[in-house]
Amino acid sequence: MLDSRYDAKKVEEGKYETWKNKGYFKAGEKDKEKFTMVIPPPNVTGMLHLGHAWNTTIQDIIARYKKAKGFDVLFLPGMDHAGIATQAKIEERLRKQGISRYDLGREKFLEKAWEWKKEYAETIHSQWAMLGLSLDYSRERFTLDEGLNQAVNEVFVSLYEKGLIYRGERIINWDPKLKTALSNIEVIHSDDKGKFYYFKYYLENEDRYLEVATTRPETMFGDVCVVVNPNDERYKGLINKKVYNPCNHELIPIIADSYVDMSFGTGVMKCTPAHDPNDFNIAIRHNLKMPIIMNDDATMNEKCLEFASLDRYDCREKLVEKIKNESNLIKIEDIVHNVGHSERSQVVVEPMLKKQWFVKMKPLAEQSLKNQMTDDKVEFIPERFSKVFNSWMENVEDWCISRQLWWGHRIPAYYHKVTGEIVVSKNPPKDIENYVQDEDVLDTWFSSALWPFSTLGWPNKTSDLKRYFPVDVMVTAYDIIFFWVSRMIFQSLEFMKVAPFKKCLIHGLIRDSLGRKMSKSLGNGIDPKDVINKYGVDALRYFLTTSTSPGLDTRYSEEKISASKNYLNKIWNASRFILSNLEGKKIDKIDVKSLTLIDEFILTKLQECIENVTFNMEKYDFANASTHLYNFVYDDFTSCYLELSKVSLASKNQNIQSNTLNVLLYVLKSLILLIYPYTPFIAEEIYLNLPVHKDSIMLEKYPEVDKTLIFKESTSLVNDLINMIKDVRAFKVNENLAPNAPVKLIIKEKTHSFDSLLEYLKRFTFANEITITKDELKGGKIYNHFDLLVEQTISDEELKLKLETEIEKLKIEIKRSESMLNNENFLLKAKKEKVELEKNKYQDYLNKLNAYLDRYNKL
RNA sequence: GGGCAUUUAGCUCAGCUGGGAGAGCAUCUGUUUGACGUACAGAAGGUCGGCGGUUCGAUCCCGUCAGUGCCCACCA
């Protein structure tokens with residue numbers, strides 16, 4: 001028997017271990033159709049937050065739903081080594097102990113990193129368990145494990161051989177704190193306050209100067225020329241002349257390039273090829289030198305005279321001071337400009353010329369775009385995200401994949417110590433002593449891009465790969481479409497020849513109650529553990545997946561979690577009521593022939609509910625699915641049926657009583673199966689208390705619509721009854737009567753005998769006298785099958801007024817309905833059922849109107 | 001500069017292919033009705049951002065303006 005109180009903690013305790021130990025999470029029922037999901041691997045950098053909880057709960061709902069629907073579900077877990085992010089954290093921890101990674105050396109550092117990984121993997125495992133995720137741990141993977149390394153090497157070598165990976169000197173984004181290259185999307189741009197410095201560049205042997213402005217004066221040491229637009233009349237005569245660079249008084253030429261925007265600033269631009277991507281392109285076109293003037297830690301190098309070894313910002317300040325002293329400073333303007341920061345270290349990224357490895361994106365992007373125009377495309381849900389994906393693919397630049405880190409997949413390239421020859425190979429060259437391996441590792445996303453197939457064993461032809469690839473639905477937040485989704489797609493198309501997943505379900509980000517991003521610096525983060533301790537994981541799961549709409553952000557709301565818990569409490573108590581009534585009673589199949597009208601009503605409503613919930617579950621629209629269920633639980637089941645069924649339960653007719661019990665049990669079981677994917681713990685607890693049950697709700701089938709249990713006519717009659725009860729209650733409030741005050745009711749039968757409903761009406765309206773008649777009533781409400789009059793003292797004048805307002809309302813409805821039915825477009829284009837529905841409504845309105853008019857005229 | 005989204009009750013948000021404005025929370029009134037006070041019954045509350053258009057009819061479609069949020073972009 002269920003406890004008298006719903007105690008989430010008690011309900012949730014121990015269930016996860018049982019499910020796991022009994023092997024319910026394991027895939028492999030070969031006789032069934034497969035359904036695959038792979039978890040977006042969380043970084044081993046820390047604890048999981050509410051965003052993870054949201055993402056994984058969605059997947060768990062799908063997994064549990066599909067399993068109940070009869071699929072062989074694989075929900076594969078794993079984690080990401082998260083190169084930069086993790087290494088940055090480990091170094092931070094070391095720094096607190098006064099150690100740098102260089103003190104330790106590569107090997108020792110990696111030992112530390114693996115220890116870190118172990119520590120956080122444990123935390124993540126316990127959090128997954130807390131959330132109740134039905135993950136198949138026997139297939140768990142890590143982006144840096146042996147098998148994935150094999151996959152990474154296979155892909156790297158293959159792309160290299162196809163000419164899609166190359167090594168080259170290009171301007172990359174350099175993180176001077178972590179001392180590594182970054183890809184474009186690892187750079188976060190923000191509008192920062194800065195200064196715009198205007199300097200005098202004197203012409204050689206002349207007393208004239210050009211005004212040149214820059215935001216980064218320290219880069220002037222790397223300038224090789226100034227550039228003007230070839231069509232700029234102001235400077236036409238100066239092209240090929242020389243000017244003095246005010247930082248070091250070196251002579252540099254004035255060249256012409258159409259890149260320069262004549263209308264911006266003075267129309268003269270300084271050119272620093274090794275420290276700016278645009279300047280780099282100009283330098284290539286004009287075959288210019290590309291001097292590097294900074295060290296890897298963003299201090300100035302020996303090319304910068306007395307400023308050598310100063311930090312870039314120190315240098316900036318002191319250099320401007322020097323130029324000012326030499327009277328070459330014209331002015332300084334305050335500006336706001338777009339500055340790139342490292343995603344992980346937050347420091348300002350320095351564009352620098354470096355030799356790095358790149359993936360040539362164009363052919364791969366084209367392949368992806370082409371695939372999106374076929375039937376084999378990835379279907380994004382919501383659809384609009386396919387546009388985000390397409391536009392990124394259309395404009396993508398080559399992907400810088402080498403990172404100057406230690407924690408990651410080491411690049412499988414070897415350089416000959418003497419000849420410098422490059423060998424790119426899965427295995428080290430035989431005479432390895434003559435080679436050195438590239439020191440760099442790959443961008444962490446390089447390995448996660450292979451996740452949907454590498455986790456299943458690729459490049460080996462495993463049975464799992466054959467059975468479970470491709471993934472059926474990938475669930476992820478929109479913020480990693482570029483980082484991850486797009487890269488999985490092009491890598492899978494290249495190596496598996498199909499898209500990695502059929503559908504991509506995109507959700508938003510979770511924000512705090514004020515709509516702000518949750519972040520450490522704001523201190524507004526919420527730990528899922530705290531929520532779970534207070535409200536239970538079922539309430540959290542329910543909140544996360546039902547108060548959100550597809551693709552949109554959501555706000556964390558403790559009130560909503562608490563409301564979720566109240567809902568579960570409702571279900572708990574309803575279950576308790578049913579189960580206590582069932583105690584000691586014989587359970588049987590529902591006898592369709594001896595159902596009461598009320599029974600037929602709830603059975604019909606349940607079928608509608610199953611249909612609506614299933615329809616929305618198939619669309620992955622969990623908010624809508626749960627709303628249908630919620631309305632059923634509150635409006636139809638607990639408010640109406642549970643109350644009305646008390647009449648049958650108190651009945652002396654054993655047949656009616658036991659049949660109602662059978663109905664109650666059937667509805668309850670269906671109901672908890674419908675809610676089970678959302679809130680598996682409470683569902684399991686109730687399920688195990690049913691008089692007949694299997695070892696776990698996880699072994700049950702999802703409810704199906706049973707057409708033999710749909711009774712339209714009875715439902716319509718019971719609807720009338722429910723409306724009557726409501727109207728009588730409202731009447732009492734209006735008249736300041738106590739809820740249990742006795743009333744006298746008169747009912748007119750129109751299409752049906754009221755006998756079978758009499759008992760219910762009496763009990764729920766406290767009527768002490770009910771008259772049933774076939775005669776017209778003088779006033780009162782009109783329903784489909786009956787009219788109802790609550791006897792009261794009301795003057796004819798008052799009644800007239802009431803009738804008038806009713807008549808006016810009806811006239812408006814009739815006018816609306818007529819205009820629809822008289823509209824050819826509506827009759828032609830609208831669905832048949834809709835037209836039918838409208839015609840019926842119209843007839844109803846007319847009938848009511850006539851009845852009201854009739855009464856009115858008799859007064 | 002380009003793109004995407006968003007604006008509906010005091011708050012958080014639903015509203016499916018145009019056809020009677022909804023929920024939860026909060027508010028107000030009432031209730032020891034034997035599943036539930038984590039409750040029940042009832043009520044109040046909205047010019048659906050502004051303007052214009054299409055339509056018999058617009059919260060929904062089109063245009064436009066405004067507010068808000070996010071993403072992308074090499075303007076020195």
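Chain letters run A, B, ... following the sequence lines, proteins first, then strands; residues in each count from 1.
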Spacing between A:F764 atom CZ and B:A41 atom P, to the nearest angstrom
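These atoms are roughly 11 Å apart.
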Are there more than 12 heavy atoms of other residues, nucleotides or ligands under 6.0 Å from atom NZ of A:K646?
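Above 12, so yes.
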Between C1' of B:C75 and CD1 of A:I171, the distance in whole Å
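One finds 16 Å between C1' of B:C75 and CD1 of A:I171, rounded.
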Under 3.5 Å for both distances, Watson-Crick or G-U wobble, that's the pair rule; now give the dot-bracket for RNA chain B, with | marking pairs to another strand and [ ] for crossing ones.
(((((((..((((.....[..)))).(((((.......))))).....(((((..]....))))))))))))....
Can you pull out every salt bridge (charged side-chain N to carboxylate O under 4.0 Å, His left out) where at least one residue sits in residues 562-574 of chain A? Sequence neighbours excluded, please.
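Counting only pairs at least two positions apart or across chains, no salt bridge (charged side-chain N to carboxylate O under 4.0 Å, His left out) contact touches residues 562-574 of chain A.
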Provide, to the nearest angstrom, the distance between the NE2 atom belonging to A:H189 and the C1' atom belonging to B:C74.
9 Å
Looking only at atom P, what distance separates B:U59 and B:U7, rounded to whole Å?
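Approximately 15 Å lies between the P atom of B:U59 and that of B:U7.
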For A:K200, I'd like to know if atom NZ has over 12 heavy atoms of other residues, nucleotides or ligands within 6.0 Å.
yes
Please state how far atom CD in A:E394 lies from atom C1' in B:C71, giving the value in whole angstrom units.
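Checked: the CD to C1' distance equals 15 Å.
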Write down the distance between CE (A:M393) and P (B:A73), rounded to a whole number of angstrom.
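Atom-to-atom, A:M393 to B:A73, this comes out as 14 Å.
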Spatial distance of atom CD (A:E583) from atom CE (A:M1) [nearest 0.5 Å]:
5.5 Å
Please check if the number of heavy atoms outside A:E397 that lie under 6.0 Å from its CD is greater than 12.
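No, not enclosed.
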B:A14 C1' sits how many Å from A:N624 CG, rounded?
8 Å
Would you kindly check whether a donor in the side chain of A:Y259 faces an acceptor in the base of B:C75, or vice versa, at under 3.5 angstrom?
no
For A:S819, answer base if it contacts any base atom (sugar-phosphate contacts may also be present), sugar-phosphate if it contacts only those atoms, and nothing otherwise; contact means non-hydrogen atoms under 4.0 Å.
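Base contact.
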Indicate whether the side chain of A:Y478 and that of A:D553 have a donor and an acceptor atom separated by less than 3.5 Å.
yes
B:A14, B:G19, B:A76: which one has an atom nearest the side-chain heavy atoms of A:S549?
B:A14
Roughly how far apart, to the nearest Å, are B:C13 and B:G19 at atom P?
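Going atom to atom, P in each nucleotide, I get 25 Å.
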A:V212 near the nucleic acid: base, sugar-phosphate alone, or nothing, with a heavy-atom cut-off under 4.0 Å?
nothing
Between B:G42 and B:C25, how many Å separate the two P atoms, rounded to a whole number?
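Straight-line distance between the two P atoms is 15 Å.
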Would you indicate, yes or no, if B:G19 has its OP1 or OP2 atom less than 4.0 angstrom from a side-chain nitrogen or oxygen of A:R816?
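No, A:R816 has no side-chain N/O under 4.0 Å of OP1/OP2 on B:G19.
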If you draw a 6.0 Å radius around CZ in A:F615, do more than 12 non-hydrogen atoms from other residues or ligands fall strictly inside?
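Counting neighbours around CZ of A:F615, 12 or fewer heavy atoms of other residues, nucleotides or ligands fall under 6.0 Å, so no.
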Whole Å only: how far is the CG atom of A:N173 from the C1' atom of B:C74?
11 Å
Spacing of the C1' atoms in B:U64 and B:A73 (rounded, Å)
27 Å
For nucleotides 23-40 of chain B, 5' to 3', base contacts (B), sugar-phosphate-only contacts (S) and non-contacts (-) with protein non-hydrogen atoms under 4.0 Å give -S----------BB-BSS
How far, in whole Å, is B:G22 from B:G15 if one measures between their C1' atoms?
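Result for the C1' pair: 7 Å, nearest Å.
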Considering only atom P, compute the distance from B:C75 to B:G2 and round it to an integer number of Å.
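Comparing P positions in B:C75 and B:G2 gives a spacing of 14 Å.
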Please give the distance between the P atoms of B:A44 and B:C62 as a whole number of Å.
36 Å
Which nucleotide wins on minimum distance to the side chain of A:R384, given the candidates B:G20, B:A76, B:C4?
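Closest of the options to the side chain of A:R384: B:C4.
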Using heavy atoms to find the nearest nucleotide of RNA chain B for A:R729 and A:D276 separately, return the residue whose nucleotide is more 5′.
A:R729
Could you tell me whether the side chains of A:N281 and A:Y259 share a donor-acceptor contact shorter than 3.5 Å?
no
What's the gap between B:U68 and B:U31 when it is taken at their C1' atoms, as a whole Å value?
44 Å
Presence of salt bridge, A:E813 and A:R816, under 4.0 angstrom
yes
I'd like to know if A:R555 pairs up with A:D512 as an ion pair, taking the criterion as any Lys NZ or Arg NE/NH1/NH2 lying under 4.0 Å from an Asp or Glu carboxylate oxygen.
no
Starting from C1' on B:A76, measure out to CD on A:E333 and report it in whole angstrom.
13 Å
Is it the case that A:K560 and A:T546 place a side-chain donor and acceptor less than 3.5 Å from each other?
no
